[in-house]
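Residue numbers run from 1 in the order of the sequence given.
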Amino acid sequence: MHTEKIRFKSSEGHELAGVLDRAPGLIHGPTALFAHCFTCGKDLKAIRNLSLALGQHGINTLRFDFTGLGQSEGEFGNTNFSSNLEDLIAAAEYLESRNCAPEILIGHSLGGAAVLMAAQRIPSVKAVVTIGAPSEAHHVQHLFEEKLEEIKGSGEAKVSIGGRPFTIKRQFIQDLGAYSIGQKLSKWRNRALLVLHSPQDQIVGIENAREIYEAAHHPKSFVSLDGADHLLSDEADSRYVGELIASWSERYLSSQKSNPPLKSDSLVLAQIDREPYVSQIKAGDFLLLADEPEALGGQNRGPNPYEYLASALAACTVMTLRMYADRKAWPLEEARVHIDFDADYKQDALECENQKPKLGKFIRHIEFIGDLDEKQEERLLQIANRCPVHRNLEAGMSIETKKMAKP
């Protein structure tokens with residue numbers, strides 16, 4: 001996806017750092033605003049995976065660092081839950097200034113508590129998602145419980161969270177107590193809620209999900225992230241969460257249809273950014289994902305280019321067979337195409353600068369299902385060789401490469 005580094009001002013005047021992940025071919029589309037967990041940041045791998053999954057469904061995502069964290073300005077020790085809420089509002093206002101006001105709020109852990117409190121203050125929001133969120137903001141105190149008395153008595157204390165030192169001040173504790181998420185949820189209107197929580201969460205117990213769900217009005221949904229940990233550290237879990245959010249939120253988005261590609265007469269648009277080899281593709285109205293295998297340094301998140309090429313041949317073959325059999329009124333129930341490629345994909349990729357072209361070969365096996373006689377099957381094999389993709393591949397379709405003019 002296209003990843004744009006951005007900066008915007010908080011209400012206190014600090015410059016906050018963010019990343020706007022845009023789905024391929026989109027200028028403005030449905031946008032999600034993500035609030036990370038306490039002391040975490042926008043670059044947590046689980047957040048990037050989730051954002052990538054949303055992008056596959058045409059949803060842009062803004063992830064940013066709260067004041068005093070990551071690449072954002074300010075002192076963490078001077079922040080509190082209230083300042084986090086103001087940072088969220090500032091991020092939403094920034095998106096609105098870009099004509100892509102957020103329609104989805106997503107919050108992880110304490111960030112989940114923050115989006116629940118902030119949702120009613122952001123008019124564009126239609127749907128809210130919490131991931132492992134506490135039902136009350138003061139739940140976060142358990143992370144430094146042994147220092148609570150020192151904080152209350154001395155005004156501040158150094159604490160270690162996730163192996164990193166942070167200064168927590170008395171005002172932070174006092175501020176947490178000023179918020180009642182349950183009371184806020186009881187006044188919610190026109191906001192859909194999705195609660196995601198793992199029953200194995202060791203940081204924020206599953207009972208918090210029940211309390212959030214019970215306090216909210218419909219429409220509301222709950223999905224158990226069975227087997228996941230609090231940080232979604234297993235890549236499969238963060239991808240699953242992204243897919244889940246995208247599918248659930250679709251009915252609540254006013255801009256469900258993605259905007260046209262950046263160049264409207266393009267048949268296919270592909271773009272690659274900082275994730276090694278992961279390529280997002282917009283083909284017509286559909287979003288696809290391509291990647292390299294792990295043996296080549298990729299993450300195997302999608303078919304490799306040869307697999308897409310073989311897929312095009314297989315799809316064109318079965319479509320051509322269906323059209324022909326229907327026209328002849330032959331009893332073809334199904335046609336299954338199995339394709340292998342005899343070239344060494346890894347070697348081809350590593351030797352891409354070699355000027356001598358390598359001609360590979362597709363091996364296509366076709367399985368006919370239906371009450372067809374021998375002559376009909378033989379004729380269908382001949383017709384398979386006439387599918388447009390097959391004929392273009394064998395003819396050596398020419399490719400003309402041009403540099404795109406800059407806008």
I'd like to know if the side chain of [X] reaches the main chain of [Y], judged simply by a donor and an acceptor atom lying under 3.5 Å from each other, with no hydrogens or angles considered.
X    : Y    : result
Q71  : F64  : no
S51  : R48  : no
K220 : A216 : yes
R322 : E333 : yes

Checklist entry - Any chance the rings of F81 and F172 have centres within less than 6.0 Å? => result no

Next on the checklist: I want to know whether F66 and F34 have ring centres closer than 6.0 Å.
Outcome noted: no

Item to check | Any side-chain heavy-atom pair of V128 and I104 under 4.5 Å | outcome: no

Checklist entry - Going by heavy atoms in the side chains, are I106 and L33 under 4.5 Å from each other? => result no

Is the [atom1] atom of [X] crowded by more than 12 outside heavy atoms at less than 6.0 Å?
X    : atom1 : value
Q202 : CD    : no
R170 : CZ    : yes
D371 : CG    : no
Q382 : CD    : yes
E307 : CD    : yes
E150 : CD    : yes

Checklist entry - Just checking, any donor-acceptor pair under 3.5 angstrom between side chains of S198 and Q200? => result yes

Item to check | Distance-only polar pair, side chains of H338 and E367, donor-acceptor under 3.5 Å | outcome: yes

Checklist entry - Once the angle between the rings of F144 and F38 is folded into 0 to 90°, is it parallel (under 30°), tilted (30 to 60°) or perpendicular (over 60°)? => result tilted

Next on the checklist: Can you confirm if the NZ or CZ of K361 lies within 45° of the ring axis of F341 and under 6.0 Å from the centre of its six-membered ring?
Outcome noted: no

